[in-house]
Amino acid sequence: MIDKQYLIFDWYSENKRNLPWRSVKDPYYIWLSEIILQQTKVDQGLPYYLKFIKCYPNVKSLAAADLESVLKLWQGLGYYSRARNLHSAAKQVMTDFGGVFPDNYDSLLSLKGVGEYTAAAVSSFAYGEAKAVVDGNVFRVLSRLFKIATPINSTKGKKEFTILANEILDKSQPGEHNQAMMELGALVCKPKSPQCEICPVQGICLAFADKTQLDYPVKEKKLKVKVRHLNYLLFLDQNNNILIRKREGQGIWEGLYDFPCVETSESVDEVKEFEGVTLKNVFLDLEVKHILTHQKLMVKFWVHHKKDTPKTNGYMAIPIGDISNFPLPQLIVRYVNESSFFKR
DNA sequence: AACACGGGGCC
DNA sequence: GGCCCAGTGTT
């Protein structure tokens, strides 16, 4: 616990946001909120949290759900492995823990999708266990307060910051301490425009002392973005059926649905063939650029009218109006919303 | 240790 | 256009 820790507590009690998962002690709700908020801002995750607690009010109902229903509810939030792991962990709680949520850091770590951060968060918030959370906010706050230049995305940095975070942890109220540190990072000690003038610990911040706040935290590696050219095919037959497929295996959007797709190394002006079948009368419907964290997708949506839907392995025919019943990537949602072929 | 994994908001 | 977000799992 650092000297003048009370300044952060006082600030937190005055300025904390009123968030629904802060007023509960049920570990299921806290765990659910933490999974949703991984790499996700509160404003984006909040509506999903409300949907999930309404649809799955307890771990038993979540464990009993179909994975596809969970993915559908997760649609649009991204990092879909979180939804798959969420569902898997709920079943783990039922089978491995007799339906009772694990009540300590080490047991929580055994759940799919629960790493060091989430185990510390749930164990400290729900059970008062003295484990410090180390998330993006904590990295930033600590690196500035103590002017620590070790890259936060290195193994050494993770170790160093975790040790420091646990050293300054207020063991008498670890949950409040953890929330206060994160809230300070989210509302005041922000990445680009830190509000140092209103910061409660401005007086003990080493970076503020020499105006180097923006030099922290230090990160190494910049990620490389891969450019891909995707050509989606809308096979539309006379009965208004289309072909879709479930994305399997590893890669983006695992478990979600999209259309038959031809990937090319460069942009193309026509699509003449699909899986060995020669195509005629393929028309370009829509062209979009879709940005993901690691990929820049240059996408063309092509339409092909046929009398009958082709029988192709791995694809299923559905009425075009049923498309929205399936969990879809935002790219496909975007197309469905913009293309005239999906208007009633 | 390096990399894959979404989507949205801010500057 | 780059960076970041209540990170985790895989290789």
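By convention in this document, chain letters (A, B, ...) are assigned in the order of the sequence lines, proteins followed by strands, and residues within each chain are numbered from 1.
Hydrophobic clustering (side-chain heavy atoms under 4.5 Å, transitive across Ile, Leu, Val, Met, Phe, Trp, Tyr) groups A:I244 together with A:L236. Residues A:F342 and A:V333 are members of one and the same hydrophobic cluster, defined by side-chain heavy-atom contacts under 4.5 angstrom among Ile, Leu, Val, Met, Phe, Trp and Tyr. Neither A:Y216 nor A:V138 shares a network with the other; the hydrophobic side chains, linked directly or stepwise wherever heavy atoms of I, L, V, M, F, W or Y lie under 4.5 Å apart, form separate groups for each. A:L77 and A:F52 fall within a single hydrophobic cluster, where Ile, Leu, Val, Met, Phe, Trp and Tyr are joined by side-chain heavy atoms under 4.5 Å apart, directly or via other members.
At a non-hydrogen distance threshold of 4.0 Å, A:D135 from residues 127-135 of chain A come into contact with DNA chain C.
Using a 4.0 Å cut-off between a side-chain N of Lys or Arg and a carboxylate O of Asp or Glu, A:K246 and A:E68 qualify as a salt bridge.
Counting non-hydrogen atoms under 4.0 angstrom, A:S154 reaches nothing in the nucleic acid. The residue A:K224 sits close only to the backbone: its heavy atoms come under 4.0 Å of sugar-phosphate atoms, none of a base. Contacts of A:W21 with the nucleic acid, taken as non-hydrogen atoms under 4.0 Å apart, include base atoms.
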Below 3.5 Å is the cut-off: list the nitrogen or oxygen pairs between protein and nucleotides 9-11 of chain C, distance only.
from  : atom 1 : to     : atom 2 : distance (Å)
C:dG9 : OP1    : A:G113 : N      : 2.4

Could you go through residues 196-212 of chain A and list every donor-acceptor pair under 3.5 Å that involves a side-chain atom there, pairing it with any protein atom two or more places apart or in another chain?
from   : atom 1 : to     : atom 2 : distance (Å)
A:Q202 : NE2    : A:C196 : O      : 2.9
A:D210 : OD1    : A:T212 : OG1    : 2.7
A:D210 : OD2    : A:K147 : NZ     : 2.5
A:K211 : NZ     : A:F208 : O      : 3.4
A:T212 : OG1    : A:A207 : O      : 3.4

Show which side-chain atoms of residues 287-299 of chain A pair as donor or acceptor with protein atoms under 3.5 Å away, not counting sequence neighbours.
from   : atom 1 : to     : atom 2 : distance (Å)
A:H290 : ND1    : A:R334 : NH1    : 3.3
A:Q295 : OE1    : A:R228 : NH1    : 2.9

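Between the P atom of C:dC5 and the CG atom of A:N153 lies a distance of 11 Å, rounded to the nearest Å. Here C:dG7 presents its P atom at 17 Å from CH2 of A:W31, a figure rounded to the nearest Å. Atom CG in A:L37 sits about 19 Å away from atom P in C:dC4, given to the nearest Å. Atom CD of A:E220 and atom P of C:dC4 are 13 Å apart (whole Å). In this structure, CD of A:E116 is placed 15 Å from C1' of C:dA6, rounded to the nearest angstrom. One interatomic measurement links the two molecules: NZ of A:K219 to P of B:dA2, which rounds to 15 Å at whole-angstrom precision. Rounded to a whole Å, the CD atom of A:Q92 is 14 Å from the P atom of C:dT8. In this entry the distance linking NZ of A:K289 with P of C:dG2 reads 10 Å, nearest Å.
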TODO: Could you walk me through whether A:R22 and A:E183 pass salt bridge (charged side-chain N to carboxylate O under 4.0 Å, His left out), step by step?
DONE: CA-CA 12 Å; A:R22 284 193 173 145; A:E183 194 77 333; 3.0 Å; yes
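If you check the side chains of A:D135 and A:N137, you find a donor sitting under 3.5 Å from an acceptor. Counting only N and O atoms by type, the side chains of A:N58 and A:S61 include a donor and acceptor under 3.5 Å apart.
Identified under the salt bridge (Lys or Arg N to Asp or Glu O under 4.0 Å) test for residues 119-129 of chain A, with sequence neighbours left out: none.
Between A:Y315 and A:F235, the distance from one ring center to the other does not fall under 6.0 angstrom.
Taking atom P on both nucleotides, B:dC3 is separated from C:dA6 by 25 Å, rounded to a whole Å. One P atom belongs to B:dG6, the other to C:dT10, and the distance between them is 14 Å to the nearest Å.
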Task: Letter per nucleotide, 5' to 3', of nucleotides 6-11 of chain B [B base touched, S only sugar-phosphate touched, - untouched; heavy atoms, 4.0 Å] - done: BBB--S
